[in-house]
Amino acid sequence: MPQSSANPTTTAASSLPNFTDPTLAPNLRTWVESANDPASDFPIQNLPLGLVEDEEGTPLLVVRVGDSLVLLDLLIHSGALADDGEDGELPDDHPMHILHAAAHHGMPLPIMQYPSCWSWARKALQKFLLDGPAGGQQMRRLREKAVRPVSEFNLVPPVWAANYTDFYASIHHAKTVGSMFRPENPLLPNYRHVPIGYHGRSSSLVGSGTEIRRPMGQTKADTAESPTFGPSQRLDYELELGCVIAGQNDVGDGVTIDEAPGRIFGFVLVNDWSARDMQAWEYQPLGPFLAKNFATSVSPWIVTAEALAPFRTTGPARDAGEPQPLEYLRGSGASTHWNLDMHLEVLIASESMRKAGTAPVRISLANFKDCMYWNFPQLITHHGSNGCNLMPGDLLASGTISGPDMQQRGCLLERTWAGHGPDGKPAPRQPIMLPTGEKRIFLEDGDEVIMRAWCQRDGYRRIGLGEVRNIVVPAKARS
Ligand code: CA
């Protein structure tokens, strides 16, 4: 049977320290009214970075606020972001130069290379957005030109990552998947010692809204004598959180556990699409390949570490008798406080549901802090521990985020798994029932998968990551 909720790691006490960062003060309001709605993911305290295209296809670096976005290049050229009294030349090391370079080229990478400029930018942007009268026709015009509805632009797939790495850091995911093959001993012996990961492929990172074409591939049924080539019959999603890396370490250097929190720029939602039948046939002995690299979707807004500070917490306590992490992964202070009290959900809408106007249905809901065995500073430190250079904008994904209960499982491989029968063989999978009467074990063509994540805590504004949504389209036959 899948692991039950008996594991006490889900009930370990967490601590959420108070933060006095003035940019997070809950009473801050903006003249962008939609951002003041308590249900908005994007209040003035969030200010995530994104990339859009205008009608001519020019990439524009933007910041999301409520239902609108701020056009950074236009705002910088207006002079409205400069500090009071800075009417002459800015010093060479002024953060505005970094922001200017990034906004001018529609490229967020300079900001991740020199992330301290973003602390300055947050304050400057908040000053521009703070509630109050425009105070003159010039500012009124600037507000109208620089802050535009999101709906006026195309969201650009945020494929900024030079490198994409995928981990396996949720212990409940590892246990449930492991139990399918090793019911008596689901976790492999290395799991509690070494953060497991593999190198993904950045060229197929795509944005929210991109159609996901069902992959063709080689599969072999257990009962078949030889493999066949055709459309995957077991297409799946994986709910993950992606960390966007700040700064850089040279090849040969590492990242210490205490340096690792400073390497976290922000987070996006990640859907690591997976073809389970292809995976089962190809993964031994070298690991995932074509079952994983045909598409990975990323949400459009990078929510920064600063905006998420109030929701940082300790991870689940290790059970008595479990090994402690090796010294290089142990850390102290901030590095032990980098789990996140973040809710994540997956919803699905079939083509028939959309045609009937039926709302998407939620099929899983979990909290990141209850699911993770390794936190991001540990993943970053381990990644660099052999001298691997982590680059600004690199994407490190958590691995499928699953809790111990069936409704907390972040992929269909686990979500429809019904354990083993009395004969020791896998029990028939338990389908998910949709409002139309349709059943799902794995994804069908036309299915739309929607992932959302948000943080909420008394005394702070809700901070959300928004959503990543994609529709599965039929395989493209190749002759
Ligand atoms: Ca994955």
Side-chain angles (χ1 to χ4, degrees), residues 159 161 163-181 186-188 190-191 194-208 210 212 214-215 217 232 234-245 267-284 286-299 342 344-346 363-364 366 368 371-376 378-380 382-383 394-403 408-417 442-443 449-451 453 465 468 470 472:
V159 285
N163 298 286
Y164 162 46
T165 302
D166 195 19
F167 283 96
Y168 195 59
S170 166
I171 192 167
H172 302 292
H173 172 63
K175 280 182 175 175
T176 304
V177 173
S179 75
M180 296 174 193
F181 310 103
L187 276 189
L188 288 167
N190 58 1
Y191 190 84
V194 54
I196 304 296
Y198 72 98
H199 284 302
R201 187 164 179 88
S202 52
S203 70
S204 50
L205 290 171
V206 299
S208 185
T210 304
I212 303 299
R214 179 179 297 275
S232 167
R234 292 191 154 203
L235 182 61
D236 201 354
Y237 58 79
E238 288 188 342
L239 169 67
E240 305 198 17
L241 187 63
C243 174
V244 178
I245 292 293
F267 295 91
V268 289
L269 273 164
V270 173
N271 183 347
D272 182 29
W273 300 90
S274 299
R276 301 302 184 190
D277 43 357
M278 290 161 59
Q279 188 175 355
W281 175 232
E282 76 174 7
Y283 87 104
Q284 289 178 318
L286 281 186
F289 184 40
L290 302 183
K292 295 283 190 173
N293 71 1
F294 58 94
T296 305
S297 318
V298 181
S299 60
M342 178 184 285
L344 301 113
E345 66 177 359
V346 180
I363 53 176
S364 75
F368 190 74
C371 300
M372 308 312 289
Y373 196 74
W374 302 101
N375 68 19
F376 272 107
Q378 289 172 318
L379 300 181
I380 290 167
H382 182 65
H383 203 317
D394 278 2
L395 183 67
L396 270 55
S398 59
T400 306
I401 300 161
S402 293
Q408 298 169 331
R409 296 176 182 170
C411 62
L412 290 173
L413 178 71
E414 294 175 80
R415 184 66 182 74
T416 62
W417 171 249
F442 289 99
L443 294 171
V449 179
I450 303 154
M451 296 175 175
L465 268 66
V468 56
N470 303 85
V472 175

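For ligands, and for the atoms within them, numbers begin at 1 and follow the listed sequence.
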Between S297 and the options N470, T210, D272, the side-chain hydrogen bond (donor to acceptor under 3.5 Å, both in side chains) test singles out N470
Checked the Ca ion (ligand 1): protein N, O or S atoms closer than 3.0 Å come out as D166 OD2, E238 OE1, E240 OE2, D272 OD2
Contacts of W374 meeting side-chain hydrogen bond (donor to acceptor under 3.5 Å, both in side chains) (sequence neighbours excluded), chain-then-number -> none
Those residues at least two apart in sequence (or on a different chain) that pass ring-ring contact (aromatic ring centres under 6.0 Å, His included) with Y168 are H173
Rounded to the nearest 0.5 Å, the OG atom of S232 sits from the CD atom of Q279 at a distance of 10.0 Å
Sequence neighbours excluded, the answer for ring-ring contact (aromatic ring centres under 6.0 Å, His included) partners of F376 is F267
Please determine whether the number of non-hydrogen atoms from other residues, nucleotides or ligands lying under 6.0 Å from atom CZ of R276 exceeds 12.
yes
